[in-house]
Structures are given as structure tokens and as C-alpha cells.
Amino acid sequence: MKTILVVDDEPAHAEILSLILEDLGYRVFCASNGRQGLECATQVRPDLVVLDLMPVMDGAQMGRAIRAEGQMHHIRILMNSSVAEEVVRGHFDGYDGFLRKPYDVEVALELIADLLERDRCA
């Protein structure tokens, strides 16, 4: 069973996405900011992090911390934000996929499945 960590400061967004992913058979954890997300990622070692730009250790800082940690470097990162991808890339470019909010859930699920199929080390 693949594990996904959803890190988003919008509780409704995180809850809806996590319920959908759980219904599809994924093990899902949620965090409301980057600091909590990094602690969770360190403990559960998810296969994928769905990461928003947000306050209290933003998504960019969390993404850089994951990429710097040798034990977590393999984790795929899906950035999602209401700002344009160019803005996100200006803060952090080490992600594997991007979704602009609001996004179509079917598109998100296809991208998540695709990212989980990829071998990050390849």
C-alpha cells in the first residue's frame, strides 16, 4: 500500500483529498504546515507528498528539507498552489509534479498515480 502525505493549510482541501485517496486504497496522513509535515514525513516515510505553499515553514522550505535528507530524497513531491507554477518554481524547483488550485480531482488522481509509479532514483 502506497503512503501519501497531504500538507496543506486549508483543512477542507486536505480532508477532501485525503478521503478520496483513502477510498482509492492509499494510506494517507495530513499536516497543516511544513513543520508538522516534515515531522510526519520523517516518521512515516511517505511515497508521495502533496505539498502546498503555506505559512509556518512553507512548502518550499519543507521540499528543500526533504531533498536535503538522504533518507527521504526518494520521496516524490507534488506541489499544489493557487499561484502560478513559475512563482512556485522561484521558491523551490525540486518537485516532481505541479497542480494549480483549484484543480480537477480526476486530473490530480491521475498525476498522483503517475508519480507513484515512477522511480525517483531512475
Item to complete: For side-chain contact (heavy atoms from CB on, under 4.5 Å), just list the numbers for Thr3 and Phe29, CA-CA rounded to whole Å, side-chain angles, deciding distance to a tenth of an Å, and then say yes or no.
Response: CA-CA 8 Å; Thr3 301; Phe29 293 87; 3.8 Å; yes
Worksheet item: Can you check side-chain contact (heavy atoms from CB on, under 4.5 Å) on Leu5 and Val50, steps first, answer last?
Response: CA-CA 6 Å; Leu5 170 60; Val50 179; over 6 Å; no
Discussion item. Please determine whether side-chain contact (heavy atoms from CB on, under 4.5 Å) holds for the pair Ile66 and Val49, giving the CA-CA distance in whole Å, both sets of side-chain angles, and the decisive distance to 0.1 Å.
Written reply: CA-CA 10 Å; Ile66 287 172; Val49 175; 4.1 Å; yes
Worksheet item: Between Val6 and Ile4, does a side-chain contact (heavy atoms from CB on, under 4.5 Å) hold up when you go through it step by step?
Response: CA-CA 6 Å; Val6 177; Ile4 299 173; 4.3 Å; yes
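A single hydrophobic cluster is not seen to contain both Leu19 and Leu48; linkage of ILVMFWY side chains at heavy-atom distances under 4.5 Å, directly or through other members, places them apart. One hydrophobic cluster, built from ILVMFWY side chains closer than 4.5 Å, holds both Leu51 and Val87.
Of all heavy-atom pairs spanning Asp52 and Asn80, the tightest one is OD1-O, 2.8 Å. Shown here for Val7 and Gly34, the closest heavy-atom pair between the two residues is CG1-N, 4.1 Å. When all heavy atoms of Met79 and Val88 are compared, the pair lying nearest together is CE-CG1, 3.9 Å. In terms of heavy-atom proximity, Lys2 sits nearest to Asp47 at CA-OD2, 3.3 Å. Scanning all heavy atoms of the two residues, the minimum distance from Cys30 to Ala14 falls at SG-O, 4.0 Å.
Checked for salt-bridge contact, Arg67 and Asp96 meet the test: a charged N lies under 4.0 Å from a carboxylate O. A salt bridge does not link Arg64 to Asp93: none of the charged nitrogens lies less than 4.0 Å from a carboxylate oxygen. The pair Glu22-Arg27 fails the salt-bridge criterion, with no side-chain N (NZ, NE, NH1 or NH2) lying under 4.0 Å from an Asp/Glu carboxylate O.
More than 12 non-hydrogen atoms from other residues, nucleotides or ligands lie less than 6.0 angstrom from CD of Glu85.
The CG atom of Leu53 lies 10.0 Å from the CD atom of Gln61; values are rounded to the nearest 0.5 Å. One distance of note links CD of Gln43 with CG of Leu38; it measures 10.0 Å at 0.5 Å rounding.
Ser32 and Gln36 share a side-chain donor-acceptor pair at under 3.5 Å.
Put simply, the side chain of Arg76 gets close to the backbone of His74: a donor and an acceptor are under 3.5 Å apart.
When Leu116, Asp114, Leu115 are each tested for a side chain to side chain contact (heavy atoms under 4.5 Å, CB included) with Leu78, only one passes: Leu115.
Residue pairs that meet the ring-ring contact (aromatic ring centres under 6.0 Å, His included) test with at least one member in residues 1-28, sequence neighbours left out, are His13-Tyr103.
Contacts of Val105 classified as side chain to side chain contact (heavy atoms under 4.5 Å, CB included), with partners at least two apart in sequence or in another chain: Ile20, Leu109. For the salt bridge (charged side-chain N to carboxylate O under 4.0 Å, His left out) test, no residue two or more places apart in sequence or in another chain qualifies with Glu69.
Side-chain contact between Lys101 and Glu10 is present, with heavy atoms from C-beta onward closer than 4.5 Å. Contact annotation: the side chain of Met62 never approaches that of Phe92 to less than 4.5 Å [non-hydrogen atoms, C-beta and beyond]. Side-chain contact check for Glu39 versus Thr42: every heavy-atom pair is 4.5 Å or farther apart.
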